[in-house]
Amino acid sequence: MSINIASAAGAYTEAIKRMAEATQGADGGAVKNPVQSFGDVLAQQVTNLESTGKASEAAATKAAAGQGNLVDLVTQVAEAELMLQTAVSVRDKVITAYQEIMRMPI
């Protein structure tokens, strides 16, 4: 399969054009920060993990005081556990990727 440079350049130009159109707001103005960086997404997920952990702790405190609902407690704890497992999995993948990069010859 041969690649035509002109068609590749045209596809690239079209993709840029569509991305520019997608970043326009409903009123024609630019959308604020349409593309987030990996660091921004990661920081947002860490914040979500922290708030989920706090909600789980609050539900456990209410249940211990006899004021909470057992179903809510189990749901909050399960959600916090799932988010923590996801964070550990992402951390492990990042460490593995870093180790692979460090093994690459210069």
Side-chain angles (χ1 to χ4, degrees):
M1 178 179 159
S2 66
I3 297 175
N4 184 349
I5 294 175
S7 64
Y12 177 76
T13 304
E14 183 66 27
I16 295 296
K17 179 181 171 186
R18 287 184 182 175
M19 191 178 347
E21 289 171 357
T23 60
Q24 294 297 315
D27 60 354
V31 175
K32 187 175 183 180
N33 195 11
V35 179
Q36 293 181 335
S37 70
F38 177 73
D40 292 341
V41 172
L42 191 60
Q44 182 181 14
Q45 292 305 315
V46 168
T47 303
N48 290 345
L49 176 63
E50 182 182 1
S51 65
T52 302
K54 287 181 181 180
S56 175
E57 289 175 6
T61 303
K62 281 185 176 179
Q67 299 172 351
N69 185 353
L70 186 59
V71 174
D72 290 338
L73 172 64
V74 171
T75 302
Q76 291 289 336
V77 170
E79 186 177 340
E81 182 181 9
L82 179 63
M83 290 189 76
L84 183 61
Q85 288 174 349
T86 302
V88 168
S89 178
V90 168
R91 181 207 60 192
D92 291 345
K93 291 291 184 179
V94 168
I95 290 172
T96 302
Y98 175 77
Q99 289 171 343
E100 286 293 320
I101 290 171
M102 294 309 293
R103 282 189 280 231
M104 288 182 179
I106 293 178

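Only heavy atoms go into these numbers, but all of them, side chains included; no hydrogens, no water, no symmetry mates.
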*Asks:* Where is the tightest heavy-atom contact between A87 and L49, given as atom of each residue plus distance?
*Replies:* CB-CD2, 4.0 Å
*Asks:* About how many Å separate OG1 of T96 and CD1 of I101, when rounded to the nearest 0.5 Å?
*Replies:* 11.0 Å
*Asks:* Considering residues at least two apart in sequence or located in another chain, which fulfil the side chain to side chain donor-acceptor pair (under 3.5 Å) criterion with E50?
*Replies:* K54
*Asks:* For A80, enumerate each residue passing the side chain to side chain contact (heavy atoms under 4.5 Å, CB included) test, keeping only those at least two apart in sequence or located in another chain.
*Replies:* T52, S56
*Asks:* Give me each pair satisfying salt bridge (Lys or Arg N to Asp or Glu O under 4.0 Å) with a member in residues 94-106, each pair once, sequence neighbours excluded.
*Replies:*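 Output for this query lists E100-R103.
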*Asks:* Can you list everything that forms a side chain to side chain donor-acceptor pair (under 3.5 Å) with K62? Sequence neighbours excluded, please.
*Replies:*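 Checked K62 against side chain to side chain donor-acceptor pair (under 3.5 Å); zero matches.
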*Asks:* Sequence neighbours excluded, which residues qualify as side chain to side chain donor-acceptor pair (under 3.5 Å) partners of R91?
*Replies:* none
*Asks:* Could you list the residues that satisfy side chain to side chain donor-acceptor pair (under 3.5 Å) with Q67, not counting sequence neighbours?
*Replies:*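 Counting only residues at least two positions away or on another chain, Q67 forms no side chain to side chain donor-acceptor pair (under 3.5 Å).
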*Asks:* Checking one residue: I95. Which other hydrophobic residues are in its cluster under the side-chain 4.5 Å linking rule?
*Replies:* none
*Asks:* Does S89 reach the main-chain N or O of Q85 with its side chain, forming a donor-acceptor pair under 3.5 Å?
*Replies:*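 Not at all, since once roles are kept as given, no pair shorter than 3.5 Å links the two residues.
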*Asks:* Provide the full list of salt bridge (Lys or Arg N to Asp or Glu O under 4.0 Å) pairs with a residue in residues 74-89, sequence neighbours left out, each pair given once.
*Replies:*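 Counting only pairs at least two positions apart or across chains, no salt bridge (Lys or Arg N to Asp or Glu O under 4.0 Å) contact touches residues 74-89.
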*Asks:* For M102, what are the other residues in its hydrophobic cluster, where any two members join if their side-chain heavy atoms are less than 4.5 angstrom apart?
*Replies:*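 Direct or chained contacts put M102 with Y98.
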*Asks:* Kindly write out the residues that satisfy side chain to side chain contact (heavy atoms under 4.5 Å, CB included) with N48, not counting sequence neighbours, or none if the list is empty.
*Replies:*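 In terms of side chain to side chain contact (heavy atoms under 4.5 Å, CB included), with neighbours along the sequence ignored, N48 is linked to Q44, Q45, M83.
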*Asks:* Apart from V94 itself, what residues make up its hydrophobic cluster, given side-chain heavy atom links below 4.5 Å?
*Replies:* V90
*Asks:* Would a single hydrophobic cluster contain both V88 and L82, if residues Ile, Leu, Val, Met, Phe, Trp and Tyr are joined by side-chain heavy-atom contacts under 4.5 Å?
*Replies:*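 In one cluster: no.
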